Structures are given as C-alpha cells and as structure tokens.
*Asks:* 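Supplied in structure tokens, the structure appears directly below.
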Amino acid sequence: MTIAFAVHGGAGHLSRAGLSAARRQEIHEGLAEATAAGRDVLAAGGSALDAVVAAVVLLEECTHFNAGRGAVLNADGHAEHDASVMRGHDRAAGAVGAVVGVRNPIRLAQSILLQTEHVLMVGEGASRLADELGLERADPSWFIVPRRHRQWQRTQAISLDHDTTGTVGAVARDRRGRLAAATSTGGMTNKLPGRVGDSACIGAGTWADGHCAVSATGHGERFIEANVAARIANLIELSGLSLEAACARVVHQELRGDGGVIAVAADGVPSLPFNSGGMLRGILAEDGQIYTGIWDELVPTPAPT
Ligand code: ASP
C-alpha cells in the first residue's frame, strides 16, 4: 500500500516582504527535513503514529516554529504548550493542554495515548505525568527565544502568529493503510495563561479515523467552534464528500477564522487548503519527491543532510 505524508508549520498572513530569502530557505529546509523524517519511518514499515510524532518532534526542536522551544509567549511572558495525537484505526487519542516545561509536548501526548487511561491532561498534572513517564523536562526559560520575546513585547493583543512561522502538525498513512495525525503549538501570542486552543482538542485541531487524518492550524477558538478536523471526517462519512471537497467546504465556507488544514484520505490522497495568506507545508509526492510551500506554490525541496 502507498504511504502518504504531509506536515504543516502554521498558517497566517505571511507577507513576502517580511520574510528574507535566508529565512525562507531555512523554513523550506525545516519543513523538508520533517517530511523526510516521517517518510523514513513509513518507508521502513513503521506506523503512521510513529511517523507523525517523529516529524512533529523535529518541528518542536526547530526554533523557527511556534511549538516546543521557540513557541509564542502568553500574557505573562511564558510558553504554555498544547499538543495532541490521534490514531485512525482505533480512534485512540492523547492530548495535553497548557503544559509548561515539557521539552516535547507531542511525546507526552503520545505517551498519554499509549500508556494511560486518559485522553487529555492539562497544566501541572500533565507536567507531573511527564516526570513519572520519564520524559525530558526543560526549564521554562529554555523555551523562550529572543525573537519571540521581542514579538511578545510589541504585541498588545491576542494574535495568531501572522508574520512568522507557526503551529506544527503532521498527517500520515502507513503501509498497512492506517492513518494518524499530530499537532503541537505554543498557541497564540498574549493568550491568557491557562487558555487551551484547538491543538489540544481532539476533533477540533486533530482527528484521525478510518476516513482521513487531519491536523489544523489557525485561530484556535474558531476551529473549536467549528470542530474543524472531525467535521471534515464526518462530511466524508455521512455526506459522501471527497476529502478535497470536505476540506474546501469547512476551510473556505464554514470556518469563521483564519487558517488551514493538512489532511490525508484513507486512499492516501492529500488535501492542504488554507484561507489565510499562506500556510507553511511540506508534502511527500507520489514519486517520492518532497515539496514545500509557504504561499500558493509548492517547490521541490531536498531535505538537508
Ligand atoms: N491553532 C493554534 C491555537 O489557536 C494557533 C496556530 O495554529 O497557529 O492555539
């Protein structure tokens, strides 16, 4: 069976003038590297779940993106992370909200899926669970990079990461035809401490079942209200829409906020629509080539070695 894989690095009104050629290059490379990581897991016969987590860990580790180290800061000037992961064949899910000091929130979400009776853990309890599970912790100051601190200082309102790179996510179909989706974020700049967005909400920011796998990025409150990711799956299952038609309807007609999704259908066909100026994304094409994009066009991009 054909493997399929895609990643995103956030959606927003990314201005061409605001991104230097060097930074564009680094973004393309980061997306290609994460796409290659997922591809390698799948090509070796690994599971869709392991593939999406491998890619998201890389994106969390890359300070260009709004996840892990380099995440945006809340109104108190701290990084609080949301992350979630879902496996399609049995609809098992794991998620964390408003967690502080866990180096790779997506690993904690995966551990919640694999090792606990729960789906969603938040705040201090989630951090304690990370310790009990032996996951790596980091001092809260480690997550704050100078670019985010400057962004936080000049931003008065709650805002999407409009002019730079954002939330991360991945969707996959493995050789057994099983699907998975993962999403990880620092949320929105200046969010209230304790605010949890769609990236922690199974159904809104992340969904996988037998029909499709979806990871979303955009104004989280609007994505929760529209239950975006599960809504796409429901339109396929109950209304007989193709993945492309279901994604287009939700992203371009129903959603009342900026953003987009990456999705892959049960047959491996992808769809990556967005209603904002841009969405950072990477995709493994059928011929094995990796393509990445910021605005409308996708360009072939070798992963850095
Ligand atoms: N959806 C994320 C949130 O609202 C933000 C983003 O995708 O950039 O927390």
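Ligands are counted one by one from 1 in listed order, and the atoms in each one are counted from 1 as well. In this text the structure is predicted, and so the values were computed from the model without any measurement. Note: hydrogens, waters and symmetry copies are ignored here, and every other heavy atom, side chains too, is used.
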*Asks:* Counting only N and O atoms by type, is there a donor-acceptor contact under 3.5 Å from the side chain of Arg24 to the main-chain atoms of Leu19?
*Replies:* yes
*Asks:* Tell me the nearest of Arg195, His8, Glu80, Arg222 to atom 4 (O) of ligand 1, using heavy-atom distances.
*Replies:* Arg195
*Asks:* Are any of the N/O atoms in His219 less than 3.5 Å from those in ligand 1?
*Replies:* no
*Asks:* Verify the cluster assignment for Ile283 and Ile3: are they in a single hydrophobic cluster under the rule of side-chain heavy atoms below 4.5 Å apart?
*Replies:* no
*Asks:* Answer yes or no: is there a donor N or O on one side and an acceptor on the other, between the side chain of Asp198 and the main chain of Cys201, under 3.5 Å?
*Replies:* no
*Asks:* Does a salt bridge link Arg69 with Glu60, judged by any charged N lying under 4.0 Å from a carboxylate O?
*Replies:* no
*Asks:* Which ligand 1 atoms are under 4.0 Å away from a heavy-atom of Thr167?
*Replies:* 2 (C), 5 (C), 6 (C), 7 (O), 8 (O)
*Asks:* Short N/O distance, under 3.5 Å, between Thr217 and ligand 1?
*Replies:* yes
*Asks:* Show me which atoms of ligand 1 lie under 4.0 Å from any heavy atom of Met188.
*Replies:* 4 (O)
*Asks:* Taking the six-membered ring for Trp, are the ring centroids of His81 and Phe143 within less than 6.0 Å of each other?
*Replies:* yes
*Asks:* Taking 4.0 Å as the limit for heavy-atom contacts, which would you say applies to His81 with ligand 1: side chain only, backbone only, both, or neither?
*Replies:* neither
*Asks:* Going by atom types alone, do Ser84 and Thr206 pair a side-chain donor with an acceptor below 3.5 Å?
*Replies:* yes
*Asks:* Measuring from the heavy atoms of Gly10, does anything fall under 4.0 Å of ligand 1?
*Replies:* no
*Asks:* Just to be sure I read this right, does ligand 1 sit under 4.0 Å from the backbone of Asp198, its side chain, both, or neither, counting only heavy atoms?
*Replies:* side chain
*Asks:* Output, in order, the C-alpha distance, side-chain angles, deciding distance and verdict of salt bridge (charged side-chain N to carboxylate O under 4.0 Å, His left out) for Arg195 and Glu221.
*Replies:* CA-CA 10 Å; Arg195 176 264 192 187; Glu221 279 70 11; 2.9 Å; yes
*Asks:* Using a strict cut-off of 4.0 Å, indicate which atoms of ligand 1 neighbour a heavy atom of Ser199.
*Replies:* 1 (N), 2 (C)
*Asks:* Please classify the Ala11 to ligand 1 contact at 4.0 Å (heavy-atom distances, strictly less than): side chain, backbone, both or neither.
*Replies:* neither
*Asks:* For ligand 1, is there an atom lying under 4.0 Å from some heavy atom of Gly166?
*Replies:* no
*Asks:* Quick check: does any side chain N or O of Arg175 sit under 3.5 Å from a backbone N or O of Ala43, one acting as donor and the other as acceptor?
*Replies:* yes
*Asks:* What do you reckon, does Gly197 have a nitrogen or oxygen under 3.5 Å from a nitrogen or oxygen of ligand 1?
*Replies:* no
